[in-house]
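Read through the structure below, which is laid out as structure tokens, and then see the notes.
Residue numbers start from 1 in every chain, and the chains themselves are labelled A, B, ... in the order their sequence lines are given, proteins ahead of strands. Just the heavy atoms: all of them, side chains too, but no hydrogens, waters or symmetry mates, feed the values below. What you are looking at is a predicted structure, and each value in this text was computed from that prediction instead of being measured.
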Amino acid sequence: MGIVTPGFQGRRRTTQPALPPGQYLVEDFPVLSAGPTPRVDLDHWEFVIATETGAEHRWTWPQLMALPSEDPTVDIHCVTRWSKLGTTWRGVSLDTLLADVETTADYALVRSYGGYTTNLPLADLRDGQAWIAYRFDGADLAPEHGGPARMIVPHLYFWKSAKWVRGMRLLREDEPGFWETAGYHDYGDPWREQRYQGD
Amino acid sequence: MARAAVPGGLSPRLAWRVGRLVEIRDETPTARTLVLEVAGWPGHLAGQHVDVRLTAQDGYQASRSYSLAAPQDGERVEMTVQRVPDGEVSPYLVQTYRIGDPVEVRGPVGGWFVWRPTDTAPVLLVAGGSGIVPLMAMVRARRAACSRVPFRLICSARAPDDLFYADELRRRVRDDAGLDVAYVWTRQAPPQWPGPPRRISVADVNTHGWPSDLAPVCYVCGPTGFVEAVADILVALGHDPRRIRTERFGPTGG
Ligand SMILES: Cc1cc2nc3c(=O)[nH]c(=O)nc-3n(C[C@H](O)[C@H](O)[C@H](O)COP(=O)(O)OP(=O)(O)OC[C@H]3O[C@@H](n4cnc5c(N)ncnc54)[C@H](O)[C@@H]3O)c2cc1C
């Protein structure tokens with residue numbers, strides 16, 4: 001228990017088994033990003049996976065649309081403490097995109113239009129845990145939420161779910177991304193409250 | 001986006017430290033500045049924030065983020081809190097929290113939305129409501145460092161009574177060469193103000209900002225809708241998106 005602050009009562013909230021520690025529920029969908037919203041033209045959109053040996057796998061927008069899609073309904077948790085339960089997306093599983101990618105890399109550095117980056121263990125993008133999502137709640141993904149396409153990795157804090165995703169590099173060694181370099185946790189598990197480095 | 005090592009970045013562990021309230025300044029009828037003494041405070045840059053954690057008698061805890069309102073000054077940490085009507089933490093901090101009472105803080109956090117006194121590019125600051133807090137830290141850091149970097153600040157507030165730091169802003173514009181401040185009133189303009197209250201527009205940013213070919217760094221802070229609108233205006237005016245830094249805080253941190 002921390003130092004008691006006299007007179008502070010707090011608003012007791014009914015505990016929600018679906019809520020990780022320190023999070024509260026929102027009904028709206030807050031927007032958080034480090035800069036202006038990029039507008040990405042679908043004619044020029046591409047998603048590129050570059051392996052540790054330099055091999056590149058590319059998908060244009062029509063090619064992405066032609067891949068089998070899934071409709072995951074997932075809970076999302078932002079490090080700024082809001083969580084949103086039961087959000088519904090449509091997208092392509094990373095398992096589908098990684099199926100023909102030959103790699104022994106352990107890490108991925110995901111990058112976005114606009115220059116944002118974030119790192120994850122590659123294992124966290126496999127086995128039905130991650131998607132390139134292009135629809136939210138039955139509509140095309142709005143630019144402020146990362147449209148035309150964003151990563152969805154719901155089991156980690158939401159800054160790992162890069163908006164305006166453009167590709168990823170597969171790496172033998174972990175390389176911190178944008179927020180990770182600025183003091184946020186390297187992995188970001190909401191259930192272990194891994195907000196900042198060392199948590 | 002460039003990567004840079006900053007205080008708070010790559011530090012071993014962000015420890016919770018005990019802060020004590022040593023000074024209170026009322027900014028508006030619903031906002032106040034809290035000055036804490038935090039033993040062992042590691043220092044910070046203008047634009048960074050802290051997490052504040054409150055613990056009730058029975059162990060219940062709540063934490064929220066607050067921007068640092070002033071540049072580094074020993075172990076003093078300053079923030080300005082706006083009361084959110086049905087909020088859990090801000091009404092306590094604005095109304096109940098007393099001189100001498102402890103609170104836990106950890107930080108500084110954030111390494112992108114910062115201004116360093118060694119930076120030389122012209123700066124545009126655009127504030128919506130309480131979004132002025134980290135931008136005021138930059139204005140104060142510029143003053144403290146005797147920096148000559150040209151600064152322009154555009155403040156959007158509901159009404160003159162809702163503007164934080166009003167007197168100090170007037171003084172700074174008088175005393176700090178190279179600092180300009182412009183205002184936009186969204187609900188109630190002061191007497192003699194030309195035109196009715198309205199939201200910030202392309203014309204405001206164009207008139208009171210910098211031309212994009214001067215390659216200023218733009219810092220925009222406020223509620224989400226405000227930040228989205230201003231960042232879009234800046235891009236439309238030709239500013240390089242990589243030089244536009246945003247911080248969004250509404251009641252839910254979004
Ligand atoms: C980086 C950053 C910097 C910030 N800097 C500042 C600053 O300098 N000054 C400042 O005043 N603020 C700042 N904020 C905002 C601040 O962190 C708080 O969000 C704000 O003070 C409101 O907190 P609160 O506990 O009073 O309100 P909350 O209790 O969080 O409530 C806010 C709103 O959300 C709703 N809500 C919250 N939790 C629940 C729930 N469980 N169920 C239903 N509804 C809920 C409430 O109904 C209310 O409308 C900053 C935020 C960030 C992310």
Point-to-point distance, once rounded to the nearest 0.5 Å, from CD1 of A:Ile3 to CD of B:Gln61: 10.5 Å
Do A:Arg39 and B:Asp232 make a side-chain contact, defined as non-hydrogen atoms from C-beta onward lying under 4.5 Å apart? yes
At a heavy-atom separation under 4.5 Å, does B:Phe113 approach chain A through its side chain, its backbone, both, or neither? neither
More than 12 heavy atoms of other residues, nucleotides or ligands under 6.0 Å from CD of A:Glu102: yes or no? no
With a 4.5 angstrom heavy-atom cut-off, which part of B:Val18 approaches chain A: side chain, backbone, both or neither? side chain
Under a 4.5 Å cut-off applied to non-hydrogen side-chain atoms, are B:Asp51 and A:Arg81 in contact? yes
Would the number of heavy atoms belonging to other residues, nucleotides or ligands and lying under 6.0 Å from CG of A:Asp41 be above 12? yes
Can you measure from OG (B:Ser63) to CD (A:Glu193) and round to the nearest 0.5 angstrom? 7.5 Å
Please report the interatomic distance CG(B:Asp58) to CD(A:Gln9), rounded to the nearest 0.5 Å. 8.5 Å
Which heavy-atom pair separates A:Val4 from B:Ala56 by the least distance, and what is that distance? CG2-O, 3.9 Å
Parallel, tilted or perpendicular: ring planes of A:Phe8 versus B:Tyr60, cut at 30 and 60 degrees: parallel
Distance, nearest 0.5 Å, that separates CZ of B:Arg53 from OG1 of A:Thr5: 9.5 Å
Find out whether A:Tyr24 and B:Glu88 are in side-chain contact, i.e. whether some heavy atom of one side chain is under 4.5 Å from a heavy atom of the other. no
If you round to the nearest 0.5 Å, how far is NE2 of B:His49 from OG1 of A:Thr80? 9.0 Å
